[in-house]
Amino acid sequence: MIGIGIDTGGTCTDAVIFDTKSHKVLSQSKTLTTRQDLKVGILRALGGLDQDLARNASYISLSTTLATNACVEHKGGRAKLVFIGVNPQVVKKMGGEYGLPPMGDIYFMKGDAGQPDSLENTPDWQKFKEDIVQDFRDFDSVAIVQMNPKYNDGEYEIKAEQIIKKTLGLPCVRGYDLFQELNVQKRGATALLNARLLPVMEDFFDSIEGSLAELGLDLPIVIVKSDGSIMSREFAMSRPVETLLCGPAASIIGAMELSKYQDALIVDMGGTTSDVAMVKDGIPVTSESGISIGEWKTMVKGVSIDTFALGGDSAVKYKRGQLYLDNRRCVPLCMAASQYPKMRKMLKTLVLMDRPFDYPAHEFFMLVSLPANLDKYTPSERKFIKALEDGPLIYREAAAAIGTSPHVLNMKRLEDEGTVIRIGMTPTDVMHVYGDYTEFDSEASRMGAAYLSAVTKGTPAEVCKEIYDLTKCRLYSNLVRIFMKYETGRDLNLQECEDLEKLTAYIFRHSGQNLADFAIRPVFSTPSKLIGIGAPTKIFLADVAKLLGTEADFPQDGKVANAIGAAMGNISTECVIKIEPYKGIKSSYLTYIISGGHETYSLPDYDDALVEAKKTARQCAIQRSRQQGAVGEVEVEIEVKENTYQRNKYALAEIIETLVIARAISEKE
């Protein structure tokens, strides 16, 4: 079967035509992602493929890092979180662990379905109707999550959604519809993130469909999930959170297809993030507890991929004369100047001043897209957007355009939403100075380095070396952290991460010195090989591999591994049904509650409950496969996990909880 795989990343859009039978790349194309209009970049990537082969394709499979980047960079649509029956004090104490917003940004209402009915425990729907008119008017979507939804099958979530849609017409995400796990705060974070990603995914699919129409290609569209399997366009539109790591997952699958190593750490460095996964015996290690990206802790299951902010387009910042890498991406000076040549004149004027500023004077602001509704912005924000319509403005001029000082200029909300983006110095610019990559305007990169030399009081050459070293050091530090996570079976806590970062920075900075110069020299080494994919990876990973005492493999076609992985996926899904024993307060009879399907019910006999749970799990898995785009026969495997407790060696084992897991695998349409 011949398929088209396309990956839209934060910086580049890659496309391949792949023969899944012969495992060969028949045609490939790479171009820049055009964030202001994704369709432009996608059309260029698809247009760069062999069009005769493209017309013979059976499907187009997509992957993207847009959702991943939105999490790392705190971007996305404006979404409101509604908690029903959740104790605000518990959220205040623990919410930060899951990435929940500040307390003032969450709407709380009564209604714990797991507690007896009472006036104090019943949602005040009339008050809710009145409040949302005022409190929700500036939001694009709403996430609704209730406490203990299994006791009334998410009835409160459904009621709240009906009111919001009737009153405001906003799209809603119901937490219980996404995942049935008990942790209400984690479910809240997942639902809120899903709501924030709705406009991101809608824009992405509109761009894909428009590109296919212009090329005259009528193909079924599927998209990679975070576990490396695929789902239909319709399913992804309602559950964009399932694409959270679809770009990295596709890269991992592509890397495994291309590399000779079966036991390795796969490192994919793109423009915005680096994604790392462990492969054992040719199989990627998976995440059982749910994917975490930055501060977001979700219930999305998938390949265990560690994503951290490091890429060719990581912003280079400075503080008190010291350079550092920011977590956010910015547009490289070289890339923007090739599109807007007038930037060179502004940079030249800045460099000729030969003086540093407390604010990032070398940075520009650029309008990514003009918002459809300007009424929800402040007068200053509207004025700022208007000023950027004619092209990027250097920092000082951007501040002057709205009548403020560059020392206090703050357009964080516009940056968070992706309406505005900064242009600045990046590792990609250093690549242009060194000649490692020369696609764009190298002169703009050299002027950026010249300004930073005034800041650091070093030479431009020293500035460039420092930026490369900062990039390698962060990569090294994170790889050591990831190896330690796999070694210990747990994530390092914040204090451990800070301590490790100091130690790895020390090791990196002194790695070139002779052993005789040390009384004792710390070192980290690993027998695992490293597989490097992604355009910038080869520049930085080789030295890091050497420091770790191992070797790195950079497979041919590795630069489009993500698109290859996208083209290879099949549809698979999982449904988990839970059986729990329950004895009522006023009853001595034991019953077994079955939850996780469309409704919650109970049976008095465990064996009967197990039979029904298996039946429900099978039906649920098949139904979800169909929703994801499966056609034809669907194969289902059933696994039963019993958690038991034995009071003593003479007593019979008692069931605490039973999980019935149905996994369905099928061919894509």
Side-chain angles (χ1 to χ4, degrees), residues 74-92 95 99-113 117-149 152-178 184-185 187-203 237-238 240-241 369-382 385 412-414 416-419:
H74 303 285
K75 294 181 179 179
R78 294 184 185 179
K80 183 75 172 180
L81 175 60
V82 174
F83 266 145
I84 305 175
V86 181
N87 187 334
Q89 294 306 313
V90 175
V91 176
K92 184 177 181 180
L100 293 176
M103 292 289 289
D105 293 342
I106 303 174
Y107 185 92
F108 291 91
M109 61 189 301
K110 298 177 294 183
D112 183 350
D117 291 335
S118 66
L119 185 62
E120 294 76 20
N121 191 42
T122 302
D124 188 340
W125 296 116
Q126 184 57 41
K127 185 177 185 302
F128 181 67
K129 290 177 184 177
E130 296 170 358
D131 289 345
I132 64 175
V133 175
Q134 179 67 27
D135 295 350
F136 292 22
R137 62 182 180 179
D138 291 335
F139 293 91
D140 305 314
S141 59
V142 183
I144 311 163
V145 178
Q146 74 169 81
M147 190 76 176
N148 293 314
N152 66 356
D153 295 322
E155 177 186 323
Y156 294 154
E157 291 185 1
I158 295 171
K159 175 74 171 176
E161 179 185 34
Q162 290 171 344
I163 292 172
I164 292 168
K165 285 188 171 181
K166 183 177 180 181
T167 307
L168 302 174
L170 294 177
C172 296
V173 174
R174 290 183 277 116
Y176 192 57
D177 189 47
L178 286 177
V184 69
Q185 296 193 65
R187 192 153 25 93
T190 307
L192 179 62
L193 187 54
N194 194 81
R196 290 185 59 181
L197 292 173
L198 289 174
V200 176
M201 195 52 55
E202 183 178 5
D203 188 30
M237 282 290 289
S238 63
V241 74
S369 61
L370 188 65
N373 179 18
L374 287 171
D375 293 338
K376 63 182 180 180
Y377 295 100
T378 66
S380 290
E381 288 173 333
R382 291 198 294 269
I385 291 170
K412 184 176 182 300
R413 187 164 73 157
L414 293 179
D416 288 348
E417 292 178 0
T419 301

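Here the structure is a predicted model, which means the values were calculated and not measured.
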Residue pair [X] / [Y], side-chain heavy-atom distance below 4.5 Å:
X	Y	result
V200	P240	no
I158	R174	yes
D140	K376	yes
R413	R78	yes
L198	V173	yes
M103	V91	yes

Counterpart residues, ring-ring contact (aromatic ring centres under 6.0 Å, His included), relative to Y377 (two or more places apart): none
Just verifying a value: how many Å separate [X] [atom1] and [Y] [atom2], rounded to the nearest 0.5 Å?
X	Y	atom1	atom2	value
D177	C172	CG	SG	11.5 Å
I163	I132	CD1	CD1	6.5 Å
F139	L170	CZ	CG	10.0 Å
K80	L168	NZ	CG	12.0 Å
M237	E202	CE	CD	5.0 Å
D105	L81	CG	CG	9.5 Å

What heavy-atom pair brings [X] and [Y] nearest, and what distance separates the two atoms?
X	Y	value
I84	G111	CG2-O, 3.6 Å
V82	M109	CG1-SD, 4.3 Å
G175	R187	O-CD, 3.7 Å

Contacts of R382 that satisfy salt bridge (charged side-chain N to carboxylate O under 4.0 Å, His left out) - sequence neighbours left out: none
Residues Y107 and D135: side-chain donor-acceptor under 3.5 angstrom: no
Backbone N/O of D375 and side chain of N373: donor-acceptor pair under 3.5 Å: yes
Please list, one pair per line, the donor and acceptor atoms closer than 3.5 Å that link side chains of residues 141-149 to other protein atoms, with sequence neighbours excluded.
| unit_1 | atom_1 | unit_2 | atom_2 | d |
| --- | --- | --- | --- | --- |
| S141 | OG | A195 | O | 3.1 |
| Q146 | OE1 | Y156 | N | 3.0 |
| Q146 | OE1 | E157 | N | 3.1 |
| Q146 | NE2 | N152 | OD1 | 3.0 |
| N148 | ND2 | D112 | OD1 | 2.8 |

Plane angle bin for F108 and F83 - parallel if under 30°, tilted between 30 and 60°, otherwise perpendicular: tilted
Lys/Arg-Asp/Glu bridge criterion (N-O < 4.0 Å) met for E161, K165: yes
